[in-house]
Amino acid sequence: MEIQLWREILNPYELAVKEVTTKFENLVKEHRNKGLYCPIERVEGRVKTISSILDKCQKKKIALEDLEVRMRDLAGIRIICQFVEDIDKVVEIIHNREDMEVLQERDYIREMKTSGYRSYHMIIYYTVFTLEGPKRLHMEVQIRTMAMNFWATVEHSLQYKYKRNIPDHIKERLLNAANAIIMLDNEMSSVRSEIMDAQLSLRNQASIVSDILNNIQNLYRVANKREIVKIQDEFYRVYSLNDIDQLERFEKQLDIIAEGYRAQDISMEMDVP
Ligand code: 0O2
């Protein structure tokens with residue numbers, strides 16, 4: 001097939017990967033902005049490379065004219081979660097979306113592959129809009145924990161190195177590692193709520209500090225120097241107490257001072273062209 005034709009075929013898949021990645025990333029952002037825990041840690045996306053497509057066509061005896069019907073992972077999204085429990089939540093999110101239609105699901109988490117591979121796979125339909133009009137295409141979504149992802153990435157490199165013929169002694173090691181990863185994920189699940197609390201409060205603290213610094217910076221333009229220095233010193237004092245309630249109280253007091261000076265509006269007014 002001519003390179004030009006490959007590009008024409010793969011372009012809509014690239015668009016689909018970009019759109020779906022952005023949609024999931026935005027979901028993460030929305031959760032964080034609202035101070036909510038997000039079951040998605042990060043999102044990756046790729047269009048299968050031409051050499052990988054040719055390899056798979058050969059292996060699965062797929063004729064090039066059947067490519068788009070039979071190779072359903074030309075577009076692929078990988079959703080990485082922190083905890084195993086998050087995976088079911090992501091699956092539910094995908095089922096509830098109106099822009100994605102689930103065609104097939106494979107649960108390699110409850111039923112691990114003989115290689116030790118674990119991941120939740122979904123094939124979905126997704127529609128992109130191109131010059132030629134709407135195009136409904138297949139997309140593979142792989143959902144797994146960070147630990148499962150680590151294993152799969154390492155094993156994938158070994159598959160490549162040994163041309164899918166990994167020696168038995170390495171296969172055995174990989175299976176041991178896969179079992180260790182099941183244990184690791186289980187251990188992490190047992191302290192999930194502790195970890196989630198810690199992460200939320202860390203993010204909350206970061207957002208309070210950024211709000212305070214924003215206000216101090218704006219006040220620099222309007223308040224007198226001595227007052228600013230006092231506020232700054234007070235901020236360092238409160239910060240060093242390592243007490244989120246005190247920091248929150250300081251943030252509110254500073255909001256009132258800034259409101260008095262209309263300092264909060266300054267940056268917005270300055271942004272207007
Ligand atoms: P690549 O290079 O990652 O794209 P189907 O795709 O449905 O026609 P298949 O391949 O049996 O048939 O589907 P399956 O088993 O759901 O696997 C699809 C993808 O999952 C694979 O794509 C891999 O990305 C991943 N995967 C499946 N099994 C393993 C495994 O044992 N180890 C690792 N590391 N990844 C695995 P490709 O096209 O095989 O490869």
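Indexing begins at 1, ligand by ligand and atom by atom, following the structure's order. Just so you know, these numbers use all the heavy atoms, side chains as well, and skip hydrogens, waters and symmetry mates.
- Remark: of the listed residues Gln142, Arg110, Glu105, Glu105 is the sole one forming a side chain to side chain donor-acceptor pair (under 3.5 Å) with Tyr120.
- Close contacts of ligand 1 with Arg46, meaning ligand atoms under 4.0 Å from a residue heavy atom, involve 4 (O).
- Protein heavy atom at the shortest distance from atom 35 (N) of ligand 1 is Tyr117 CE1, 3.3 Å.
- Nearest to atom 15 (O) of ligand 1 by heavy-atom distance, out of His121, Met71, Lys113, is Lys113.
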Item to complete: Evaluate the criterion side-chain hydrogen bond (donor to acceptor under 3.5 Å, both in side chains) for residue pair His138 and Gln104; output intermediate values, then yes/no.
Response: CA-CA 10 Å; His138 292 122; Gln104 187 195 75; over 6 Å; no
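- Counting protein heavy atoms only, atom 6 (O) of ligand 1 is closest to Lys56 NZ, 2.8 Å.
- Residue-to-ligand polar distances keep Arg78 apart from ligand 1: every N/O pair is separated by 3.5 Å or more.
- For the pair Lys230 and Asp233, the salt-bridge criterion is not met [side-chain N within less than 4.0 Å of a carboxylate O].
- Lys48 NZ, 2.8 Å is the protein heavy atom nearest to atom 38 (O) of ligand 1.
- Each of Met188, Met196, Gln199 was scored for a side chain to side chain contact (heavy atoms under 4.5 Å, CB included) with Gln82, with one residue passing: Gln199.
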Item to complete: Give the C-alpha distance, both sets of side-chain angles, the deciding distance and a yes or no for side-chain contact (heavy atoms from CB on, under 4.5 Å) between Leu137 and Tyr125.
Response: CA-CA 5 Å; Leu137 41 81; Tyr125 278 130; over 6 Å; no
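- Note that CD1 of Ile94 is 5.0 Å distant from CE of Met122, once rounded to the nearest 0.5 Å.
- Contacts between Gln142 and ligand 1 below 4.0 angstrom, taking non-hydrogen atoms only, involve the side chain exclusively.
- The side chain of Lys60, and not its backbone, has at least one atom closer than 4.0 Å to an atom of ligand 1 (non-hydrogen atoms only; side chain from C-beta on).
- Taking the centre and axis of the six-membered ring of Tyr108, the NZ or CZ atom of Arg118 falls outside the cone set by 45° and 6.0 Å.
- Between Tyr37 and His31, a ring centre-to-centre spacing not shorter than 6.0 Å is recorded.
- Between Lys59 and ligand 1, a contact under 3.5 Å exists for no N or O pair.
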Discussion item. I'd like to know whether Leu27 forms a side-chain contact (heavy atoms from CB on, under 4.5 Å) with Val43, so could you lay out the CA-CA distance, the side-chain angles of the two residues, the decisive distance to 0.1 Å, and finally the verdict.
Written reply: CA-CA 11 Å; Leu27 211 60; Val43 188; over 6 Å; no
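- Between Tyr108 and ligand 1, at least one N/O pair is under 3.5 Å apart.
- Checked against Tyr13 for a side chain to side chain donor-acceptor pair (under 3.5 Å), the options Glu68, Lys135, Lys18 give a single hit: Glu68.
- When non-hydrogen atoms are compared, ligand 1 lies under 4.0 Å from neither the backbone nor the side chain of Gln159.
- Annotation for ligand 1: atoms under 4.0 Å from non-hydrogen atoms of Ser115 are 30 (C), 31 (O).
- If you check which protein heavy atom lies closest to atom 22 (O) of ligand 1, you get Asp73 OD2, 3.8 Å.
- Nearest protein heavy-atom contact of atom 7 (O) of ligand 1 is Arg106 NH1, 3.4 Å.
- The closest side-chain donor-acceptor pair between Tyr220 and Gln232 falls under 3.5 angstrom.
- Contacts of Ile123 with ligand 1, taken as heavy-atom pairs under 4.0 Å, are absent altogether.
- Less than 4.0 angstrom separates some heavy atom of His156 from each of these atoms of ligand 1: 1 (P), 2 (O), 3 (O), 34 (N).
- No part of Arg144 comes within 4.0 Å of ligand 1, judged by heavy-atom distances.
- Looking at ligand 1, you'll find an N or O of Glu155 within less than 3.5 Å of one of its N or O atoms.
- Under the 4.5 Å side-chain contact rule for hydrophobic residues, Leu10 and Leu54 share a cluster.
- Protein heavy atom nearest atom 18 (C) of ligand 1, with residue, atom name and distance: Glu140 OE2, 3.4 Å.
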